[in-house]
Protein chains: 4
Amino acid sequence: MSNFKEKLIHIKAFAFDVDGVCTDGQVFLMPGTEFVRAVNIKDGYAIQHCIKMGYYVAVISGGSSEEVRKRFANLGVTDIYLRSSDKMDNYEDFRMKYGLENSEILYMGDDVPDLPILKRVGVPTCPADASDEVKEIADYISDKPGGKGCVRDVIEQVLKLQDKWMNEQALIW
Amino acid sequence: MSNFKEKLIHIKAFAFDVDGVCTDGQVFLMPGTEFVRAVNIKDGYAIQHCIKMGYYVAVISGGSSEEVRKRFANLGVTDIYLRSSDKMDNYEDFRMKYGLENSEILYMGDDVPDLPILKRVGVPTCPADASDEVKEIADYISDKPGGKGCVRDVIEQVLKLQDKWMNEQALIW
Amino acid sequence: MSNFKEKLIHIKAFAFDVDGVCTDGQVFLMPGTEFVRAVNIKDGYAIQHCIKMGYYVAVISGGSSEEVRKRFANLGVTDIYLRSSDKMDNYEDFRMKYGLENSEILYMGDDVPDLPILKRVGVPTCPADASDEVKEIADYISDKPGGKGCVRDVIEQVLKLQDKWMNEQALIW
Amino acid sequence: MSNFKEKLIHIKAFAFDVDGVCTDGQVFLMPGTEFVRAVNIKDGYAIQHCIKMGYYVAVISGGSSEEVRKRFANLGVTDIYLRSSDKMDNYEDFRMKYGLENSEILYMGDDVPDLPILKRVGVPTCPADASDEVKEIADYISDKPGGKGCVRDVIEQVLKLQDKWMNEQALIW
């Protein structure tokens, strides 16, 4: 864990899986439309604030929800990968675009398709209710499950450590 | 805490943040419409009852949901601030409108944008799952999280102390 | 509690509040329509089975949801009181219609507007998360909160005691 | 339990009830449409992966939701029984279609209408929040309740035991 805290000093970018990380893993089956998902406002606050502070943020999802795209675009996220069949491709695209080292990126994922990225990224993290395989290789397991503030948890830790959390701009959303 | 109870004697008005206080912080991403939120019926009962008993109630939200406006209007709330970019402005507007002292207002908020009001208001309170910064300065942390009765909790405490909770009018909704 | 079990021997009818009893107390604010509520399938199974076994069932709600009416009508409930402003009137209407004694009815409610019925009915019960006033006068507090099986709990207890729970008809829904 | 693990060696097929197993038992009452249900993404991952690995999967529901049919069809399930009035008929249809022995099938159900299948199937299982009658006869009670990963739990156990869980194909969804 001390190792985890030290690694956070180098973080310049975040990448998040959507289902089970930004959501609690439930999808609502509504007639005549795509899956309906619920996201968390405290996570949203942290995402828009860290973008204002200059961090890069990507979301990578196997799903295809335009509503998910709109939500994260409204928070200021410009790198939104949907319909991802190979998440590693998207991760590398994001990493190269900003010339980032693996050690400068924190990733949070919750299930088997996230394993390749979690093995490569500098700081692999997961929600409290991630699958066993993911928990085994994560540097940090949040005490919050998916959709209940796990995204906020890791962003807050990085920004506090880098003295970017509480300031004038933090009060405006 | 004894201090908290004493302060409640002076309360004439309540102001509430919406997301994470009146809701559990989830927003549902439905196609073709604004965010869908869920509110709590026991909270609603307390709000309409305290308005009948003569208390002033405001809700202040950074969001822009017309459905939120309708819900609180139906409960009898007349001071509904949506699309709030500076919550303190709205708080002061509400306070001045009724000539209230800070010590006569109880506010409940759950996150960083609520900090300025929480520092000024007479009785700053928060849900069980508020962010750390908010918990540090709250006079009272409800044992209920957002959307699960934290609003009801504080209204009930004030009205019980002022002998306005259970009476003939309490039985009619 | 032994008293409670003895009282159950006489039960011929059930009456249920809706919000906070048949639901968890959340209402979803959807644009262009009434509140959306979620009900529990295990509760529904118990309601339709006890009607098949000859029990009378009423639901009494202050709300006005046609979807709630449809749901309970589909389960076989014929006495559905919506837009109730005085729940006691509805309770007495239901009681007189079938010539029932108060001692033959079990009622479950969760909040202040349910108090008059709870004080009159033979077997007053409530969910685990009922308000304090209700818990104080209930003969039985379910270990299940609203919407999570509290309705099923009391129906199952009565039918088991009267040997009407498990039989051929129980397997068909 | 050791007995349970031994039985899993023979499993070639899975059959699942929907409400209370693939969902948490809540149905949302939306105007102008059928019930809306929420399903779990981690369960979905396990279902599509086990089909890729050659297992047979059926879902059997008393409900009639076309959205449920679409969801499971998209995961690769070809044997989807809706509007089931006699679940045993559907179970036998599924069993005969693939020439399966009862001992080669794992079934998960949560309530009274599932009892006949649970008594016949080789490996009867249930979620953590199944009804008492079901828990009494289940070989295995998941530590996860309905809709929260109980389906994933049993699929994962079988595939791990048969060395079909983690492999190249597991990384692609």
Side-chain angles (χ1 to χ4, degrees), chain A residues 16-39 60-65 68 81-91 109-120 126-137 145-148, chain D residues 18-19 22-28 30-46 48-50 52 61 63-75 143-153 155-157 159-160 164-173:
Chain A
F16 298 104
D17 176 29
V18 176
D19 287 305
V21 173
C22 298
T23 80
D24 68 358
Q26 284 192 103
V27 290
F28 292 78
L29 307 175
M30 299 270 295
T33 182
E34 57 189 13
F35 290 156
V36 171
R37 292 165 168 87
V39 295
I60 304 176
S61 172
S64 61
S65 166
V68 166
Y81 300 93
L82 302 181
R83 295 178 191 77
S84 177
S85 57
D86 185 341
K87 292 187 171 187
M88 182 61 94
D89 271 1
N90 302 134
Y91 170 80
D110 75 318
D111 210 351
V112 173
D114 300 303
L115 289 173
I117 299 180
L118 289 164
K119 284 175 183 165
R120 183 172 303 178
C126 70
D129 56 346
S131 67
D132 292 342
E133 290 83 1
V134 167
K135 284 182 175 175
E136 272 164 32
I137 63 167
K148 307 295 179 201
Chain D
V18 175
D19 287 306
C22 298
T23 80
D24 68 358
Q26 284 191 103
V27 289
F28 292 79
M30 298 270 295
T33 182
E34 58 188 14
F35 290 154
V36 171
R37 292 166 168 87
V39 294
N40 182 288
I41 286 280
K42 285 196 185 74
D43 285 353
Y45 173 80
Q48 61 83 34
H49 179 63
C50 83
K52 269 193 225 156
S61 170
S64 62
S65 166
E66 281 307 308
E67 295 305 312
V68 166
R69 183 191 298 281
K70 270 199 277 179
R71 166 59 175 167
F72 288 103
N74 283 338
L75 292 174
D143 63 338
K144 305 273 200 298
K148 307 294 179 202
C150 56
V151 167
R152 165 68 168 258
D153 175 18
I155 293 176
E156 199 175 315
Q157 289 199 47
L159 270 65
K160 279 183 174 169
K164 298 278 176 59
W165 182 245
M166 290 295 298
N167 51 36
E168 280 295 302
Q169 286 178 269
L171 300 178
I172 301 155
W173 189 355

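Chain letters run A, B, ... following the sequence lines, proteins first and then strands; every chain starts at 1.
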* Should the pair K42(D)-D110(A) be classified as a salt bridge under the 4.0 Å nitrogen-to-oxygen rule? ->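 Yes, this pair counts.
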* Asked: In terms of side-chain geometry, is the basic nitrogen of D129(A) or K144(D) positioned less than 4.0 Å from the acidic oxygen of its partner?
  ->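 So D129(A) does not pair with K144(D) through a salt bridge.
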* When K87(A), Q26(A), M88(A) are compared by non-hydrogen pairs under 4.5 Å with chain D, the top option ->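 Maximum pair count with chain D is reached by Q26(A).
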* Using non-hydrogen atoms and a 4.5 Å limit, figure out which bit of A38(A) sits close to chain D: side chain, backbone, both or neither. =>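 No part of it gets close to chain D.
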* Asked: Non-hydrogen atoms of chain D under 4.5 Å away: do they reach the side chain of T23(A), the backbone, both or neither?
  ->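 Contact with chain D: none, neither part.
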* **Considering all heavy atoms, the nearest V36(D)-L29(A) contact** =>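 Of all heavy-atom pairs spanning V36(D) and L29(A), the closest is CG1-O, 3.6 Å.
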* To do: Identify the heavy atoms of E67(D) and P31(A) that sit nearest to each other, and give their distance.
  =>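 Nearest heavy atoms, E67(D) then P31(A): OE2-CA, 3.3 Å.
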* **From OG (S61(A)) to CD1 (I41(D)), nearest 0.5 Å** =>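 Rounded to the nearest 0.5 Å, the OG-CD1 separation comes out at 8.0 Å.
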* Asked: With a 4.5 Å heavy-atom cut-off, do S131(A) and Y45(D) have their side chains touching?
  ->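 No, every pair of side-chain atoms sits at 4.5 Å or beyond.
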* Asked: Checking E156(D) against chain A: side chain, backbone, both or neither under 4.5 Å from a heavy atom?
  ->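 For E156(D), the contact with chain A is made by the side chain alone.
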* Asked: Between K160(D) and chain A, which part of the residue has a heavy atom less than 4.5 Å away: side chain, backbone, both or neither?
  ->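 The side chain, not the backbone.
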* To do: Go through the structure and list residues passing salt bridge (Lys or Arg N to Asp or Glu O under 4.0 Å) with D43(D), not counting sequence neighbours.
  =>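 For D43(D) there are no salt bridge (Lys or Arg N to Asp or Glu O under 4.0 Å) partners, ignoring immediate neighbours.
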* Asked: Checking side chain to side chain contact (heavy atoms under 4.5 Å, CB included) for the pair F28(D)/M30(A): CA distance, chi angles, key distance, verdict?
  -> CA-CA 10 Å; F28(D) 292 79; M30(A) 299 270 295; over 6 Å; no
